[in-house]
There are 2 protein chains.
Amino acid sequence: MADTRTKLLEAALVTLGKHGIAGTSARTIAAEAGVNQALVFYHFGSVDQLLVAACEHGSRQRVALYRARFASVTSLRELLDLGRSLHAEERAEGSVAALAQLLAGGQTDPKLAPATTVGLNLWIEEVRQALERVLATSPLAEFVDVPGLARATAAAFVGLELYEGVDPEGAGQAFDALEGLVALAGALDEMGPLVRRAARARLRRHS
Amino acid sequence: MADTRTKLLEAALVTLGKHGIAGTSARTIAAEAGVNQALVFYHFGSVDQLLVAACEHGSRQRVALYRARFASVTSLRELLDLGRSLHAEERAEGSVAALAQLLAGGQTDPKLAPATTVGLNLWIEEVRQALERVLATSPLAEFVDVPGLARATAAAFVGLELYEGVDPEGAGQAFDALEGLVALAGALDEMGPLVRRAARARLRRHS
DNA sequence: GTCTATAGTCGGATAGAC
DNA sequence: GTCTATCCGACTATAGAC
């Protein structure tokens with residue numbers, strides 16, 4: 001059985017998923033962990049500090065769990081598939097939902113903001129590596145800043161996660177539309193040199 | 001001068017932006033509006049119901065304000081530019097930030113969820129109309145479900161808004177990467193028939 | 001419609017026994 | 001390390017005067 005410190009870290013994430021940032025308190029977390037409320041302050045000093053620690057703990061743990069699957073991705077298609085299963089699995093598990101809640105809290109709580117940045121960056125780095133690999137031979141890599149694209153992708157993913165929470169049907173349609181986009185990107189890769197020439201010509205004209 | 005009801009609706013949005021969903025209460029809203037706390041319950045029955053009303057009120061108002069600019073967009077480029085200024089202006093104004101906070105709250109509060117769906121759908125509809133128009137002659141329209149793409153775009157936009165709140169520099173890089181994407185999409189349009197043929201061939205092979 | 005006052009609950013945080 | 005007990009402030013919501 002895990003020690004109290006770990007139980008609190010894990011309970012904090014579950015509580016964020018269950019009750020949102022607004023319903024997350026020392027009491028609700030301790031209840032979820034099955035321990036006394038005062039232990040939050042003994043082990044972490046304050047609720048905020050527990051949330052900060054939980055954010056890093058949870059992200060590290062989940063990212064490590066998916067690392068092998070990120071590494072085995074060989075195409076944009078497969079990356080989107082991984083995104084969809086990650087979405088489904090983490091929605092059940094709740095750690096991306098917790099990150100989303102912390103992100104919302106971090107907008108107005110300066111103590112939370114840097115912690116969520118750290119958590120997000122762990123995901124972003126995995127996405128970046130996968131994108132660098134998958135787009136190595138694609139014209140996309142020439143015209144798009146891949147590290148920036150990885151950031152945009154991770155942020156968009158969190159947005160879709162939140163969207164799913166209030167309108168699952170709409171979010172489903174949104175995800176489906178992305179299938180079309182990656183199919184087009186695949187076609188682009190096959191016409192590589194042609195696309196490169198046209199895009200370069202266009203860039204010269206417009207800049 | 002606005003009546004109390006309207007003052008409360010507007011104060012609710014400002015408060016969501018300033019203090020987040022976790023720091024938004026009848027007291028903080030009433031303080032922002034400069035009226036008595038009991039009036040929240042007199043006019044709206046509960047804090048939740050005020051937030052629901054404020055979400056619709058704010059979205060309708062802001063969407064109406066941007067309608068003309070959405071209508072004047074004639075290319076993906078211009079749509080991205082509009083997105084960037086909308087991002088900048090609304091970040092100062094705070095109504096998209098409020099929507100993001102309600103979205104986070106809606107994850108766990110069933111009374112908030114449908115209200116945020118309504119608010120989001122107002123934006124989605126504008127984006128959809130602009131995309132239908134802008135992509136009318138683009139190969140994108142043939143291979144991507146545009147209504148779904150509009151939903152994905154709006155959700156991604158909210159995700160980027162939240163990302164900006166905790167890591168402005170990272171979010172800037174994310175937005176910049178999108179410039180490359182729309183430039184490529186522009187090149188795609190110019191090679192329309194070619195791309196269409198290649199993409200169709202590819203789809204036949206992969207489906 | 002707006003105010004004061006207040007009941008009752010919940011949350012952050014600490015003191016001190018074990 | 002963990003518990004009980006407790007202070008204090010903030011919260012939702014209502015009653016009732018004006």
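Labels below follow one simple rule: chain letters A, B, ... track the order of the sequence lines, proteins then strands, and each chain is numbered from 1. We use all heavy atoms of the structure for the numbers below, so side chains are in, but hydrogens, waters and symmetry mates are not.
Salt bridge status for A/Glu32 with A/Lys7: absent, with no side-chain N to carboxylate O gap under 4.0 Å.
Annotation: salt bridge (charged side-chain N to carboxylate O under 4.0 Å, His left out) contacts of A/Arg60 (sequence neighbours excluded): A/Glu56. Remark: B/Ser25 engages B/Thr28 in a side-chain hydrogen bond (donor to acceptor under 3.5 Å, both in side chains) (not counting sequence neighbours). Remark: A/Phe143 engages no residue in a ring-ring contact (aromatic ring centres under 6.0 Å, His included) (not counting sequence neighbours). For B/Arg69, the side-chain hydrogen bond (donor to acceptor under 3.5 Å, both in side chains) partners are B/Glu89, not counting sequence neighbours. In terms of the salt bridge (charged side-chain N to carboxylate O under 4.0 Å, His left out) criterion, residue partners of A/Glu142 (sequence neighbours excluded) are, by chain and number, A/Arg196, A/Arg200. Judged as a side-chain hydrogen bond (donor to acceptor under 3.5 Å, both in side chains), and not counting sequence neighbours, the contacts of B/Arg67 are B/Glu126. Looking at residues two or more places apart in sequence or on another chain, you find a salt bridge (charged side-chain N to carboxylate O under 4.0 Å, His left out) between A/Glu161 and A/Arg91.
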Under 3.5 Å, which donor-acceptor pairs link side chains of residues 37-53 of chain B to any protein atom two or more places apart or in another chain?
| unit_1 | atom_1 | unit_2 | atom_2 | d |
| --- | --- | --- | --- | --- |
| B/Ser46 | OG | B/Gln49 | N | 3.2 |
| B/Ser46 | OG | B/Gln49 | OE1 | 3.2 |

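The distance between atom CG of A/Asp48 and atom P of C/dG11, rounded to the nearest whole Å, is 15 Å. Rounded to whole Å, atom P of D/dT14 lies 15 Å from atom OH of B/Tyr42.
Of all the residues in residues 29-40 of chain B, B/Asn36, B/Ala38, B/Leu39 reach under 4.0 Å from DNA chain C with at least one non-hydrogen atom. Non-hydrogen atoms lying under 4.0 Å from DNA chain C are contributed by nothing in residues 49-58 of chain B.
Of all nucleotides listed (D/dA13, C/dT2, C/dA13), C/dT2 comes nearest to the side chain of B/Thr4. Between D/dA13, C/dA13, D/dT2, one nucleotide has an atom nearer to the side chain of B/Phe41 than all others, and that is D/dA13.
Among residue pairs with one or both ends in residues 93-106 of chain B, those qualifying as side-chain hydrogen bond (donor to acceptor under 3.5 Å, both in side chains) are B/Glu90-B/Ser95; sequence neighbours excluded.
Contact annotation: A/Ser25 side-chain N/O to C/dC10 OP1/OP2 distance is not under 4.0 Å.
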Contact list (N/O, under 3.5 angstrom) for nucleotides 16-18 of chain C vs protein:
none

